[in-house]
Amino acid sequence: MTEHTPTVTQAAGRSGSGRPDGEADVVVVGAGPSGSATAYYLAQAGLDVLLLEKSRFPREKVCGDGLTPRGVKALVAMGISVSEQDGWVRNKGLRVIGAGRRLELEWPELSSYPGYGLVRPRTDLDQMLARRAEQAGARLIEGLTVTGPVLDDRTGQITGVTARPGGAGEERTYAGRVIVAADGNSSRLSVAMGLRKRDDRPLGVAVRTYYRSPRHEDDYLESWLDLWDGDRLLPGYGWIFGMGDGTSNVGLGLLNTSAAFGHTDYHALLRRWLKGMPEEWGFTEENRTEPIRGAALPMGFNRTPPYFNGLLLAGDAGGMVNPFNGEGIAYAMESGEILARTIAQALARPGRADTERVLAGYPVALRQAYGGYYALGRVFVKAIGRPELMRFATKHGMPRPAVMRFVLKLLANLTDPHGDATDRLVNGLSKLARSPG
Ligand SMILES: Cc1cc2nc3c(=O)[nH]c(=O)nc-3n(C[C@H](O)[C@H](O)[C@H](O)COP(=O)(O)OP(=O)(O)OC[C@H]3O[C@@H](n4cnc5c(N)ncnc54)[C@H](O)[C@@H]3O)c2cc1C
């Protein structure tokens, strides 16, 4: 299957008759990082944007709450103040634990990205981004669940959405010249338009919770490459991110290339892993402050095409999580920006055919941004699904800091276009992996 072949089933939508309750140039469904970024950049370009969100802020989102320098850059681009006075907790790199070793790797010094990462609970972060979109002029409606697409009878193109306040109130319709699905991993709107997830693309499942812990202040994000239950190696990879507020965000994930994927009790796995941790870290039931919650991480473009019958996908809806490290916030915001710039140009063109031509450039722009890197990531995910290969890489990589510094650049997608030899190697590999077209 190529990037062009949609995983498409019959679209199930309402045909577009009657007056809509709301109208805008663009209707964006979902106010997570991708939807808020899309709405922000569209509003900045002078377009009238409706941003529809089923929950009300502040709301929880299951996440590790960690931002690499890539995420920091995306926040700065939206004019968010990321100073420590404003409640941000900074980190200077990644601590990697594996093969009996512990390595602290600082974020690389680059001109393209800042030299630090951040941690912030999603309850804060997502609200901040949504308010930023509102400040820029987007019309945010909270507590409104989008229930399906409205389709043009003649062309089958999406022209709007139906929605219900609180998911159960009276049905309303919202119309736009283009519609954006930024409704996250399960993207009901994409599914209703016939766009399913691709089962030939990577998918992760991860769980996380919070513990009161003396480790809450940590200036490194911590990543565990192998999880031990006594002397038994468990499947998956773990993280411990200090939140700076008395708690640590602790979680683990598995990839669908792992043999254990699909028949693992993640909650039990997390508890077994944490049982082996030093007692003084406090990762015990008495110190747990939140339930253990899990969700999927759709990776490496696992829903395609990102433009189909008038619907454009951003962030997790388009499966844009980095397959190397499970980072999704930065890609959600970046794809929102790429998408908004495409839409702004498209809607400035006279005539639908001309507009369509520009919108068709969105998948191309995404491929240019991430195509090669994600193709490489898909190979990586397949390889590390084999425990013997993963063990080999950890055993031989961990004793070599120079190798691990290269690995960090590769895993976090942090390079300069014309940087040093390691940057050029990562960029070259991504270019090589890019599938033609
Ligand atoms: C356990 C776990 C840990 C993770 N850790 C990290 C991490 O540390 N760092 C990182 O960068 N990424 C992490 N990720 C990935 C990251 O959470 C996602 O990639 C990111 O949230 C994607 O943003 P989004 O805006 O595309 O989707 P979402 O954040 O899912 O936002 C979608 C929005 O759409 C709304 N919505 C959904 N359906 C409807 C509807 N019908 N009508 C109206 N609104 C709707 C939702 O309420 C939500 O607000 C993690 C993911 C998981 C599961």
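Residues: numbered from 1 along the sequence shown. It should be emphasised that the depicted structure is a prediction, and the values quoted were computed from it without experimental measurement. Remember, it's 1-based here, ligands and their atoms both numbered in the order they're listed.
Those atoms of ligand 1 that come under 4.0 Å of a heavy atom in I329, given as number and element, are 9 (N), 10 (C), 11 (O), 12 (N). The F241 neighbourhood of ligand 1 comprises atoms 8 (O), with distances under 4.0 Å to a heavy atom of that residue. Each of the following atoms of ligand 1 lies closer than 4.0 Å to a heavy atom of G315: 26 (O). With ligand atoms numbered from 1 in the order given, ligand 1 contributes 32 (C), 33 (C), 34 (O) to contacts under 4.0 Å with heavy atoms of A182. In the vicinity of C63, heavy-atom distances shorter than 4.0 Å reach the ligand 1 atoms 2 (C), 3 (C), 4 (C), 5 (N), 6 (C), 7 (C), 13 (C), 14 (N), 17 (O), 50 (C). Taking every non-hydrogen atom of L52 and a distance limit under 4.0 Å, the qualifying atoms of ligand 1 come out as 43 (C), 44 (N). Close approach to V321 involves these atoms of ligand 1, each under 4.0 Å from a residue heavy atom: 19 (O). Of all atoms in ligand 1, listed by their number and element, those nearer than 4.0 Å to a heavy atom of R59 are 48 (C), 49 (O).
Contact check on R56 versus E142 returns no salt bridge, with no Lys/Arg side-chain nitrogen under 4.0 Å from an Asp/Glu carboxylate oxygen. A salt bridge between R122 and D65 is absent, with no side-chain N of the basic residue lying under 4.0 Å from a carboxylate O of the acidic one. Salt-bridge annotation for R378 and D200: absent, with no side-chain N of the basic residue lying under 4.0 Å from a carboxylate O of the acidic one. K92 has no carboxylate O lying under 4.0 Å from a charged side-chain N of E106, or vice versa, which leaves the two without a salt bridge. The pair R90-D219 does not meet the salt-bridge criterion, since no charged nitrogen lies less than 4.0 angstrom from a carboxylate oxygen. A salt bridge does not link K73 with E334: none of the charged nitrogens is closer than 4.0 Å to a carboxylate oxygen. Salt bridge status for R271 with E285: present, with a side-chain N to carboxylate O gap under 4.0 Å. Comment: E109 does not engage R405 in a salt bridge, judged by the lack of any side-chain N to carboxylate O separation of less than 4.0 angstrom.
Within the 4.0 Å heavy-atom criterion, both parts of D183, backbone and side chain, lie near ligand 1. Counting heavy atoms under 4.0 Å from ligand 1, residue L67 does not touch it at all. Contacts between V62 and ligand 1 below 4.0 angstrom, taking non-hydrogen atoms only, involve backbone and side chain alike.
The option from A330, A332, G326, G35 that lies nearest to atom 14 (N) of ligand 1, judged by heavy atoms, is G326. Proximity annotation for atom 50 (C) of ligand 1: of V28, L297, V161, L297 comes nearest, heavy atoms only.
The shortest contact between atom 35 (C) of ligand 1 and any protein heavy atom is with E53 OE1, 3.3 Å. Closest to atom 5 (N) of ligand 1, if we only count protein heavy atoms, is G64 N, 2.7 Å. Of all protein heavy atoms, the one closest to atom 41 (N) of ligand 1 is V146 O, 3.0 Å. Distance from atom 30 (O) of ligand 1 to its nearest protein heavy atom, with residue and atom name: K61 CE, 3.5 Å. Distance from atom 44 (N) of ligand 1 to its nearest protein heavy atom, with residue and atom name: K54 N, 3.1 Å. Closest to atom 27 (O) of ligand 1, if we only count protein heavy atoms, is G184 CA, 3.6 Å. In terms of protein heavy-atom proximity, atom 21 (O) of ligand 1 is closest to R122 NH2, 2.8 Å. Here the heavy atom of the protein found nearest to atom 1 (C) of ligand 1 is A206 CB, 3.5 Å.
Residue F241 forms a side chain to side chain contact (heavy atoms under 4.5 Å, CB included) with just one option from L221, D218, L67, and that option is L221.
Residue contacts with ligand 1: S34 is placed with a nitrogen or oxygen under 3.5 Å of a nitrogen or oxygen of the ligand (distance criterion only). Checking only distances, G66 does come within under 3.5 Å of ligand 1, N or O to N or O. On a distance-only criterion, N185 and ligand 1 share no N/O pair closer than 3.5 Å. When only interatomic distances are considered, the shortest N/O to N/O separation between T145 and ligand 1 does not fall below 3.5 Å.
The closest side-chain donor-acceptor pair between K409 and T415, if any, does not fall under 3.5 angstrom. When only modelled atom types and interatomic distance are considered, Y331 and N322 share a side-chain donor-acceptor pair under 3.5 Å. S55 and E53 share a side-chain donor-acceptor pair at under 3.5 Å. In this model, no donor atom of one side chain and acceptor atom of the other lie less than 3.5 Å apart for T162 and R172. There is no side-chain donor-acceptor pair under 3.5 Å between T209 and E290. No side-chain donor-acceptor contact under 3.5 Å links S430 and N427. Side chains of Y41 and R341: a donor-acceptor N/O pair is absent below 3.5 angstrom, by distance only.
Other residues, nucleotides and ligands contribute only 12 or fewer heavy atoms inside 6.0 Å of the CD atom of E170.
Taking a 4.0 Å cut-off on heavy atoms, G71 fails to register as neighbouring ligand 1. Contact between R188 and ligand 1 is absent, with no heavy atom of the residue lying under 4.0 Å from the ligand. Assignment of M320 to the shell around ligand 1 is not supported, since no heavy atom sits closer than 4.0 Å. In this structure, Y331 does not count as a contact residue of ligand 1, since none of its heavy atoms falls inside 4.0 Å of the ligand. Look at L144 and you'll find a heavy atom under 4.0 Å from some atom of ligand 1. The shell of residues lying under 4.0 angstrom from ligand 1, judged by heavy atoms, excludes G251.
Aromatic ring pairs are classed by plane angle as parallel below 30°, tilted from 30° to 60° and perpendicular above 60°; the pair Y370 and F301 is tilted.
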